Structures are given as structure tokens and as C-alpha cells.
Amino acid sequence: MIELKHALWELEKVSDAAQLENFFQIYLGKKWLLNEEFKLLVALSPEDKKDKGAKLSDLKTQLTAAYEQKQNHFMMGQINQQLEKDPVDISLDIAREEWSYSLLAEVRRDAEDICKSMWFIIEYGTDVVTKFENFESVNIPLTHPATEMHDTIYLNDKDASGENLILRTHTSSMQNFLIKKYGLPLKAVVPGRTYRFENMDASHDTMFYQMEWIVIDKDISVAHFKEMITKLLSALLHKNVETRMRPGYFPFVEPGFEIDVRYEVYNKETEKKELSNWMEILGAGMIHPNVLKEAGVDSTQRSGFAFGVGISRLAAVRYGIKDIRYFTNGDLRFAKSFA
Ligand code: FA5
């Protein structure tokens, strides 16, 4: 039988990864010493088999542990060598005065504070969602052309029903979950990242932040929505804004609206104040009966409104930024000018 002491002494002498592999093959590999000994057990009497089998198992456990320890030792050595060649100082202390909240975070935090003061629940949800959450739960059948409205980014990973997971295209994907989780009456907001395969321009990015408001109770009407949105926008935009309500189509609301804002800007050339162009800032509407039904709510007894606002568009209006891509392109000159 292999002697543990001898095998450990052999292992002690091993000085590189190739020798270690050799050791493994000789002692622990399928065709070699230890395995051969296990094979011999067949010929023994039951008592001897039990006794020798236990000894062999014990030997294998100890040898394997010693082998793994040596293997880790070599791996750490390799990592350390690599680090010496290519040092990355992760403890580098970046000067504290260099950081501040991003403008997007400022606006989101302000909005969250307002919501908290009005006892809204805040939930962030996840960036990766199922097609059911993003589409079907909000009255968009998967075969409906409206699924194309958002130029969805699909992942290779699948959900339990075999459908591809996706990056959420809007925070409305949380509506169904919120109603089911908290029941009614419901006042909730969902701030979070959303993704679309967009043509990028000054007001469109492929990753952008949205914030979804959802209110459901008895007798909620468009009047409640209008009152809320006027107050909220004035508080968030830090300026007097004019709002415009247009009919808008979203499969998950009926009726649906788009809200645009405009405000006074200073024209450096004419040296006069003038009104900005209208900017679409949010989509909204009264929650569609099918969405309520899908979440188990009787739409003859309860009603509600929901709206989804682009945080970067809010920030653009608030800070007078002409192109929302500045918020995320990582240009420190931009970030510092607002620090
Ligand atoms: C929606 O995403 C709806 N889920 C909003 C909604 C919620 C409607 C609840 C009704 C009820 P829309 O695609 O219009 O709608 O986007 C909403 C807002 O997100 C826009 O008004 C805009 O402010 C912002 N937004 C949309 N696309 C982009 C983009 N590519 N880049 C930056 N902001 C965007």
C-alpha cells in the first residue's frame, strides 16, 4: 500500500506546476497508484475489504487535501507574479474633492424625497426582466406591433417559460408586480435604468433613467393626475414651466397622454428672454382595465393613473443642458462644472 509519509515527501519536493501535474497523475490519476489499490479490494474478504477500503479512503482524502494546498500555493504565486508585472493599485485614494453626485442622481433623489413626503412606496426593480413583465403584464401581447415601439434589447438567457429575457424598455414593467405585492390602495414610484436600441441624439440615449409613478384607489380621475403633475414638475424643474397635454398612445393606458414642457430661456445673441421649444417629458394615462385585470383588480371598483418620466430630460430642463448624452459620457469637464 502507498505510504502517506512517502507520498507527502514526494509532494514536498514538487517545485512547479508541471511537476505537480505529474504527481497528480501518478498518485491520484485514474490509471495510477491509488486507483490500482482500490481495484485490488475486490479480491479481499468482506472484513478486509471494509478495513482496507476505509484506510485507502482516508489516504486519498489526505493526499488530495495536500495536493490542493500545493496547487493553491502555485496559483497564488502566479497571480502575485502577474500583479508585479502589471500593477493595479486598487487602493489608490482618489481626491475626495473630485466627486459629487451626478446631476441625474440629484434629480432622482429630489424626486424620491418628494415621493417619500407623500408616503409613496419606492421600488427599483431589476434591469433584466421577462417579456411578460415588460410587455404582456401591461397589455402588450408579444405579437402586437407595440413590442416594436421600444426597439428592445434581448438577452440570450431565457426565463422559466423559455422566452428570452430582455433589458427593461420602460419602468412600466413594474406596474403588475407592484399591484400584486402591495395591493390597493397603491401609491408607488419606480426610479431606474431603462434600455432601448435607439438612434442616439440630443434627447435620446440607449440607456436612460426613467421614473414611474403609479396611483390606484377608488375614484381616481384625470383631475388627480393633472394636479399632481403640475405640482411635481414645478418642484422638480426649479423653474416656472408651461405644460402641454397631448393625446398619446400607450397600450397600457386609456386615455393616454404625452406631457410637454416649455420655459423661458435667455438668448445670448438677441440678449432677450424667449420661450424654449416644447420638450416631451413624460408619457401618462389612466391605467387600462386589462392591466388592472391582469393584476387581479376589479376595474369597475378601482381606477388609477400612471406616468413615466425621463430623468435625463428633467435634468436637462432643470440645469439648461442641451444634450442629455453629457450626463453619461463621463466627461469630467462637464461633471466638474456642476460640482
Ligand atoms: C414610456 O416609456 C411609458 N412607459 C410611459 C408611461 C408610463 C406611459 C405610464 C403611460 C403610463 P415613452 O417611451 O414615451 O413612454 O417614454 C417616457 C419618457 O421617457 C419620455 O417622455 C422621455 O422623457 C423618456 N425617454 C424615452 N425614450 C428616451 C431615450 N431614448 N432617452 C432618454 N429619455 C427617453
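Order of listing sets the numbers, starting from 1, for every ligand and every atom in it. Remember, it's a predicted structure, so these values are computed and weren't measured experimentally.
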*Asks:* Hey, is Asp51 close enough to Lys55 for a salt bridge, meaning N to O under 4.0 Å?
*Replies:*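 Yes, this pair counts.
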*Asks:* Would you say the ring centers of His170 and Phe252 fall short of 6.0 Å from each other?
*Replies:*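 His170 vs Phe252: aromatic centres under 6.0 Å.
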*Asks:* Is the shortest N/O to N/O distance between Gly308 and ligand 1 below 3.5 Å?
*Replies:*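 N/O-N/O distance below 3.5 Å does not exist for this pair.
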*Asks:* Please report whether ligand 1 has a polar contact with Val309, defined as an N or O pair separated by less than 3.5 Å (distance criterion only).
*Replies:*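 In this structure, Val309 places no N or O atom under 3.5 Å from an N or O of ligand 1.
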*Asks:* Measuring from the heavy atoms of Gly248, does anything fall under 4.0 Å of ligand 1?
*Replies:*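 No, Gly248 has no heavy atom closer than 4.0 Å to ligand 1.
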*Asks:* Taking atom 14 (O) of ligand 1 as the point of reference, which of Gln210, Glu280, Met211 owns the nearest heavy atom?
*Replies:*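 The option holding the nearest heavy atom is Glu280.
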*Asks:* Of all the heavy atoms in Phe252, does at least one lie under 4.0 Å from an atom in ligand 1?
*Replies:*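 Yes, that is the case, since the closest heavy atom of the residue is under 4.0 Å from the ligand.
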*Asks:* State if Ala284 counts as touching ligand 1 under the rule of any non-hydrogen atom under 4.0 Å.
*Replies:*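 Under 4.0 Å: yes for Ala284.
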*Asks:* Select one of side chain, backbone, both or neither to describe which atoms of Phe307 lie under 4.0 Å from any atom of ligand 1, heavy atoms only.
*Replies:*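 The answer is the backbone.
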*Asks:* Do any pairs count as a salt bridge (Lys or Arg N to Asp or Glu O under 4.0 Å) and have a residue in residues 184-194, sequence neighbours left out, and if so which ones?
*Replies:*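 As it turns out, the salt bridge (Lys or Arg N to Asp or Glu O under 4.0 Å) pairs with a partner in residues 184-194, which skip direct neighbours, are Asp127-Arg193.
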*Asks:* Do any N/O atoms on Ser172 end up under 3.5 angstrom from N/O atoms on ligand 1?
*Replies:*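 Min N/O separation from ligand 1 is below 3.5 Å for Ser172.
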*Asks:* Any sub-3.5 Å donor-acceptor pair from Asn290's side-chain atoms to Asn139's backbone N or O?
*Replies:*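 No; judged by distance alone, with no hydrogens or angles, the pair does not exist.
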*Asks:* Between side-chain atoms of residues 308-322 and protein atoms elsewhere (two or more places apart, or another chain), which donor-acceptor pairs fall under 3.5 Å?
*Replies:*
unit_1: Arg313; atom_1: NE; unit_2: Ser203; atom_2: O; d: 3.0
unit_1: Arg313; atom_1: NH1; unit_2: Glu280; atom_2: O; d: 3.0
unit_1: Arg313; atom_1: NH2; unit_2: Ser203; atom_2: O; d: 2.8
unit_1: Arg313; atom_1: NH2; unit_2: His204; atom_2: NE2; d: 3.4
unit_1: Arg318; atom_1: NH1; unit_2: Asp110; atom_2: OD2; d: 3.0
unit_1: Arg318; atom_1: NH1; unit_2: Leu236; atom_2: O; d: 3.0
unit_1: Arg318; atom_1: NH2; unit_2: Asp110; atom_2: OD2; d: 2.6

*Asks:* Nearest to atom 2 (O) of ligand 1 by heavy atom, Glu212, Arg196, Arg168: which?
*Replies:*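 Ranked by closest heavy atom to atom 2 (O) of ligand 1, first place is Arg196.
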*Asks:* For a 4.5 angstrom cut-off between non-hydrogen side-chain atoms, does Phe177 reach Ser137?
*Replies:*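 No, every pair of side-chain atoms sits at 4.5 Å or beyond.
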*Asks:* Answer whether the closest heavy-atom distance between the side chains of Phe23 and Glu10 falls below 4.5 Å.
*Replies:*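 Counting from C-beta outward, Phe23 and Glu10 do come under 4.5 Å.
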*Asks:* Do the non-hydrogen side-chain atoms of Gln71 and Leu20 ever get within less than 4.5 Å of each other?
*Replies:*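 Counting from C-beta outward, Gln71 and Leu20 do come under 4.5 Å.
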*Asks:* Examine Phe307 together with Phe257 and report whether their ring centres are nearer than 6.0 Å.
*Replies:*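 Centroid separation for Phe307 and Phe257: 6.0 Å or greater.
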*Asks:* So is Thr169 polar-close to ligand 1, meaning N/O to N/O under 3.5 Å?
*Replies:*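 N/O-N/O distance under 3.5 Å: no.
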*Asks:* Specify side chain, backbone, both or neither for Leu282, according to which of its non-hydrogen atoms lie closer than 4.0 Å to ligand 1.
*Replies:*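 It is the backbone that touches ligand 1; the side chain stays farther off.
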*Asks:* Among Asp205, Asn134, Asp151, Thr194, which one has a heavy atom closest to atom 31 (N) of ligand 1?
*Replies:*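 Among Asp205, Asn134, Asp151, Thr194, the closest heavy atom to atom 31 (N) of ligand 1 belongs to Asp205.
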*Asks:* If you measure every N or O of His170 against every N or O of ligand 1, does any of those distances drop under 3.5 Å?
*Replies:*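 Yes, at least one N or O pair falls under 3.5 Å.
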*Asks:* For ligand 1, does Glu198 get within less than 4.0 Å through its side chain, its backbone, both, or neither, judged by non-hydrogen atoms?
*Replies:*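 Contact part for Glu198 vs ligand 1: side chain (C-beta onward).
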